[in-house]
Amino acid sequence: MADGKLTPRGEDFSAWYNELVERAQLAEHAPVRGCMVIRPNGYGIWELIQQGLDKMFKDTGHENAYFPLLIPKSFLAKEAEHVEGFAPELAVVTHGGGKELEEPLVIRPTSETIIYTMFAKWVQGYRDLPILMNQWANVVRWEMRTRLFLRTAEFLWQEGHTAHETEAEAEEETLKMLGVYRTFAEEFMATPVITGRKTDSERFAGALRTYCIEAMMQDNKALQAGTSHNLGQNFSKVFDLKFQGRDGTVQYAWNTSWGVSTRLVGSVIMTHSDDNGLVLPPRLAPTVAVIVPIFKTDEEKATVLTAADAILKELKAKGLRVKMDTRDNMSPGAKYYEWELRGVPMRIEIGPKDVAKNTVVIVPRVTIDSEEAPAPGKKQKLFVNIDGLSQKIESLASALQGQLLANALERREANSYRNVKSYGEMCEILDGSGGFVYASWDGTPETEAKVKDETKATIRCIPDPEFTQGLTPGTCIVSGREAKHIAIWSKAY
RNA sequence: CGGGGCGUGGCGCAGCUGGUAGCGCACCUGCUUUGGGAGCAGGGGGUCGCACGUUCGAAUCGUGUCGCCCCGACCA
């Protein structure tokens, strides 16, 4: 392959990302504007995300259901803030069966309105609560500008929707699911995230409060990776979702909704990958290890393939997602480059020398600090005995997973600023290298808007205390007024 | 929606002072190769986004149109 290398991240991060997504065959642009085709390499990542999250949802008592793609337009209009938030990006179906519809149907941009309409039918008394539901679905938002995985006109996501008896219970659920997202980000995506609350201007249209997880990408921009909303009684009141309480009075239910999307795939890409291509945390890698057999003569081919086949069978039997690359029209070197581009966490090389020694060579996609250091300028190569190979691969996968999380955390903290003294200094950071600036905020939307105007940075969230490292609100870094919160400012996707 | 760019074999591009299409990669066949992107030989594949116009003749010039990408404002 002479078409060579990706544009380096340092040269043009955006070009690097686009080339990587296409070259690693994760996704490409569909014939329809703003839409993407998710190819098997990319969809495999999403499937693992789904599996991981779905289990966590079930473990916390949620059930899956499915609601229709099409929603009567009037449903959206019932919640004022909600319709205002979504109206500009709706796709609307006006015809069906060759006739104009009496009422236009919108393609769901999110499903609160239809789901709470149905909840209202299912709930009579407090014993019908809580409802803890989730759906895996596609939604459409007619975005002006799109980027593969990060923002597409149609995307895949899950949306959890719950109804509760009390406000406290709803708040607990909102925070519980935010916690689920955080755990998932850290344990599966190897991505450290900040948990916190959105400001009013960034709050979900129709929510009382929106909480989020925010991650930092390699270009030091923030990416909102997931949100969890306490909807209060805003939707239950307009959709008449009420129940008779323990005290006999009729009350409106308290709702929450929470979601993550295929954007997480983009997040994983931009968090870990390098100039050689995709880097995937093993837990989200459709293929954890690829075996590349090496041989010259026919006799060597026979012995190597016999040994490699046995290894493949053994590893598969142990439940490992392993492949063998038996293509004979490609040199081993070319295969190495290709599998690195595709982000396979480990390569297993096996040649005549290895077979003779009953070993293989394992090359991890990124250097693992706890293993023997690589020679200067070289890739880390681990010589591993074939006996007990599956355990070794599992332990390496686990080490790699931890390594990626540690690398990402180190990078995020190296680009986090908690002692910025002035607004000028803050602008310098935001306009320069970027990153997360923790600073006091007076809590007003005017201040927020001013910073956005002047720097294009927004308040990503009001972080939970564990992230502020003892900082307390003093005077607002922008206005000089008394501050209400420590906020994180950053440019964002 | 504003600014920029691009539509030519699967992909990336050249050809654009008009004369009926070419290069690299990929693909197919054969032989030699294979521990970090193999070599040689042969071969298949495109009515140049679409429409109209100018012309003896249009990938090339003109008008229109559709689409996509990138940068900005808006958003997961």
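Chain identifiers are assigned alphabetically (A, B, ...) following the order of the sequence lines, protein sequences preceding nucleic acid strands; residue numbering begins at 1 within each chain.
- Stacking of A/Tyr337 onto the six-membered ring of B/G37 is present: less than 5.5 angstrom between centres, less than 30° between planes.
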Between the protein and nucleotides 66-70 of chain B, list the N/O to N/O atom pairs that are separated by less than 3.5 angstrom.
from: B/C68; atom 1: OP1; to: A/Arg33; atom 2: N; distance (Å): 2.7
from: B/C69; atom 1: OP1; to: A/His29; atom 2: ND1; distance (Å): 2.9

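- Using Watson-Crick or G-U wobble geometry with both donor-acceptor distances under 3.5 Å, B/U17 finds no partner in any strand shown.
- Classified by interplanar angle (parallel below 30°, tilted 30° to 60°, perpendicular above 60°), the ring pair A/Phe155/A/Trp157 is perpendicular.
- Figure legend: cation-pi geometry between A/Lys78 and A/Phe75, with NZ or CZ positioned under 6.0 Å from the six-membered ring centre and within 45° of its axis.
- You won't find any donor-acceptor pair under 3.5 Å spanning the side chain of A/Glu338 and the base of B/G36, going by distance alone.
- If you take NZ of A/Lys5 and C1' of B/C25, they are 17 Å apart, rounded to a whole angstrom.
- Both distances falling under 3.5 Å, in either a Watson-Crick or a G-U wobble arrangement, occur for no nucleotide opposite B/U33.
- Both cation-pi conditions hold for A/Arg347 and A/Tyr336: the charged atom is under 6.0 angstrom from the six-membered ring centre and inside a 45 degree cone around its axis.
- Between A/His229 and A/Phe204, the ring-plane angle classifies as parallel under the 30° and 60° cut-offs.
- Nucleic acid contact for A/Leu223: none, since no nucleic acid atom lies under 4.0 Å from a heavy atom of the residue.
- One finds a salt bridge joining A/Glu214 and A/Lys198 here, because a Lys/Arg side-chain nitrogen approaches an Asp/Glu carboxylate oxygen to under 4.0 Å.
- Using a 4.0 Å heavy-atom criterion, one finds that A/Pro88 contacts no nucleic acid atom at all.
- Dashed line: the shortest gap from a side-chain N or O of A/Lys381 to OP1 or OP2 of B/G36 is not under 4.0 Å.
- The separation between A/Phe13 atom CZ and B/C71 atom P is 12 Å, rounded to whole Å.
- Each of A/Tyr116, A/Phe239, A/Trp258 was scored for a ring-ring contact (aromatic ring centres under 6.0 Å, His included) with A/His161, with one residue passing: A/Tyr116.
- Among B/G36, B/U34, B/A38, the nucleotide with an atom closest to any side-chain atom of A/Ser331 is B/A38.
- Below 30°, between 30° and 60°, or above 60°: for A/Phe13 and A/Trp16 the angle between ring planes is between 30° and 60°, a tilted geometry.
- One can place CG of A/Asp298 at 10 Å from P of B/U32, the figure rounded to the nearest angstrom.
- In this structure, B/G9 forms no base pair with any nucleotide, since neither Watson-Crick nor G-U wobble geometry is met with both distances under 3.5 Å.
- Residue contacts shown for A/Val292 are absent, as no nucleic acid heavy atom lies under 4.0 Å away.
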